Amino acid sequence: QVQLVESGGGLVQAGGSLKLSCAASGRTFSRYAMGWFRQAPGKEREFVAGISWGAVVTYYADSVKGRFTISRDNAKNTVYLQMNSLKPEDTVVYYCAGRWNMGVSKLRNDYENWGQGTQVTVSS
């Protein structure tokens, strides 16, 4: 098991930037594929971005491609989500997720470990 703690959320104006961090502790972080998901009230949790163990493979949702960048620092047991050109529709809770010893996936149910989430609010 790995414990995941997100940080970096907050309030930003449209067009602005935020960088989310997800710190991991417990099991060997470098063996986890990591993902970022987001969820609006009353809606299903949706995939945002994912990254493989060695950061060779990255995936993005079409809605964030070109604006968001996922990265990881295995020495610091941390995965990041750099969010640029933020829009009001990006206002939701963001979650990081870990998938042990498997490839990166866009599917929510493929991830075993989840953080508690961090709120991002983009004002127009």
Side-chain angles (χ1 to χ4, degrees):
Q1 283 278 38
V2 67
Q3 289 73 48
L4 303 172
V5 179
E6 302 97 334
S7 62
L11 174 63
V12 65
Q13 287 189 332
S17 299
L18 280 176
K19 187 173 185 177
L20 305 183
S21 299
C22 174
S25 60
R27 219 168 179 181
T28 306
F29 176 72
S30 60
R31 297 294 298 277
Y32 277 89
M34 299 298 296
W36 285 97
F37 290 75
R38 64 187 184 183
Q39 187 172 21
K43 294 190 176 181
E44 291 196 351
R45 196 167 295 186
E46 65 175 9
F47 173 79
V48 175
I51 189 166
S52 62
W53 302 352
V56 174
V57 178
T58 57
Y59 293 143
Y60 294 94
D62 288 343
S63 58
V64 306
K65 204 170 291 184
R67 301 189 297 125
F68 292 9
T69 303
I70 189 171
S71 62
R72 67 189 295 161
D73 185 339
N74 286 344
K76 294 183 178 180
N77 290 352
T78 302
V79 63
Y80 304 97
L81 185 68
Q82 176 67 48
M83 306 186 295
N84 298 329
S85 302
L86 283 162
K87 304 174 181 179
E89 52 262 44
D90 295 318
T91 295
V92 287
V93 178
Y94 287 75
Y95 299 87
C96 74
R99 189 185 192 206
W100 168 251
N101 207 30
M102 297 290 284
V104 61
S105 170
K106 298 180 181 180
L107 302 178
R108 180 180 69 243
N109 290 341
D110 283 344
Y111 291 83
E112 307 97 18
N113 302 103
W114 293 85
Q116 83 289 349
T118 186
Q119 175 71 46
V120 170
T121 302
V122 183
S123 63
S124 56

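This is a predicted model, so every value here is computed, not measured.
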Item checked: By side-chain hydrogen bond (donor to acceptor under 3.5 Å, both in side chains) - contacts of N113 (at least two apart) -> Q1
Next item on the list: Please work out whether the ring planes of Y94 and F68 are parallel, tilted or perpendicular, with thresholds of 30° and 60°.
Entry: tilted
Notebook entry, point to check: Quick check: does any side chain N or O of Q119 sit under 3.5 Å from a backbone N or O of G10, one acting as donor and the other as acceptor?
Noted result: no
Which pairs would a plain distance check flag for residues 83-90, meaning a side-chain donor or acceptor within less than 3.5 Å of a matching protein atom at least two apart in sequence or in another chain?
{"residue": "N84", "atom": "OD1", "partner": "S17", "partner atom": "OG", "Å": "2.9"}
{"residue": "N84", "atom": "OD1", "partner": "Q82", "partner atom": "NE2", "Å": "2.9"}
{"residue": "D90", "atom": "OD1", "partner": "R38", "partner atom": "NH1", "Å": "2.9"}
{"residue": "D90", "atom": "OD1", "partner": "R67", "partner atom": "NH2", "Å": "3.1"}
{"residue": "D90", "atom": "OD2", "partner": "R67", "partner atom": "NH1", "Å": "2.8"}
{"residue": "D90", "atom": "OD2", "partner": "R67", "partner atom": "NH2", "Å": "3.4"}
{"residue": "D90", "atom": "OD2", "partner": "K87", "partner atom": "N", "Å": "2.8"}

Note to self: Are L107 and M102 connected into the same hydrophobic cluster when the rule is that any two of I, L, V, M, F, W, Y join if their side-chain heavy atoms are below 4.5 Å apart?
What the structure shows: no
Check: Step by step, would you call V92 with T121 a side chain to side chain contact (heavy atoms under 4.5 Å, CB included)?
Finding: CA-CA 7 Å; V92 287; T121 302; over 6 Å; no
Next item on the list: Taking all heavy atoms of G8 and all of L18, pick out the closest pair and write down the distance.
Entry: O-CD2, 3.8 Å
Notebook entry, point to check: Can you name the residues that form a salt bridge (Lys or Arg N to Asp or Glu O under 4.0 Å) with K65, not counting sequence neighbours?
Noted result: D62
Margin query: Given the ring of W114, does R45 sit roughly above its face, with NZ or CZ under 6.0 Å from the centre of the six-membered ring and within 45° of the axis?
Written below: yes
Margin query: Give me the atom names and distance for the closest heavy-atom approach of I70 to M34.
Written below: CD1-O, 4.1 Å
Notebook entry, point to check: Same cluster for Y80 and V2 if Ile/Leu/Val/Met/Phe/Trp/Tyr side chains link at under 4.5 Å?
Noted result: no
Notebook entry, point to check: Counting distance only, does the side-chain N/O of Y111 pair as donor-acceptor with the main-chain N or O of S105 below 3.5 Å?
Noted result: yes
Notebook entry, point to check: Should V79 and V64 be regarded as members of a common hydrophobic cluster, given that ILVMFWY residues are connected when their side-chain heavy atoms come within less than 4.5 Å of each other, either directly or indirectly?
Noted result: yes
Checklist line | Set of residues satisfying salt bridge (Lys or Arg N to Asp or Glu O under 4.0 Å) with respect to D73, sequence neighbours excluded | finding: none
Checklist line | Check: R72 side chain, T78 main-chain N or O, donor-acceptor pair, under 3.5 Å | finding: no
Check: Which pair of non-hydrogen atoms, one from A24 and one from F29, has the smallest distance, and what is that distance?
Finding: CB-CD1, 3.3 Å
Next item on the list: Using the test salt bridge (Lys or Arg N to Asp or Glu O under 4.0 Å), find all partners of R31 that sit at least two apart in sequence or belong to another chain.
Entry: none
Margin query: If you apply the rule side chain to side chain contact (heavy atoms under 4.5 Å, CB included), what do you find for T69 with L81, and how did you get there?
Written below: CA-CA 6 Å; T69 303; L81 185 68; over 6 Å; no
Checklist line | From CG (L4) to OG (S25), nearest 0.5 Å | finding: 7.5 Å
Notebook entry, point to check: Any idea which heavy atoms bring Y32 and G98 closest together, and the distance?
Noted result: CD2-C, 3.7 Å
Note to self: By the ring pair (Phe, Tyr, Trp, His ring centres under 6.0 Å) test, which pairs, at least two apart or in different chains, include something from residues 38-65?
What the structure shows: F37-F47
Next item on the list: Output yes when a side-chain donor or acceptor of S30 lies under 3.5 Å from a complementary backbone atom of T28, and no otherwise.
Entry: no
Notebook entry, point to check: Is the side chain of E6 donor-acceptor paired with the backbone N or O of Q116 at a distance under 3.5 Å, no angle test?
Noted result: yes
Notebook entry, point to check: Is any side-chain heavy atom of T118 less than 4.5 Å from a side-chain heavy atom of L20?
Noted result: yes
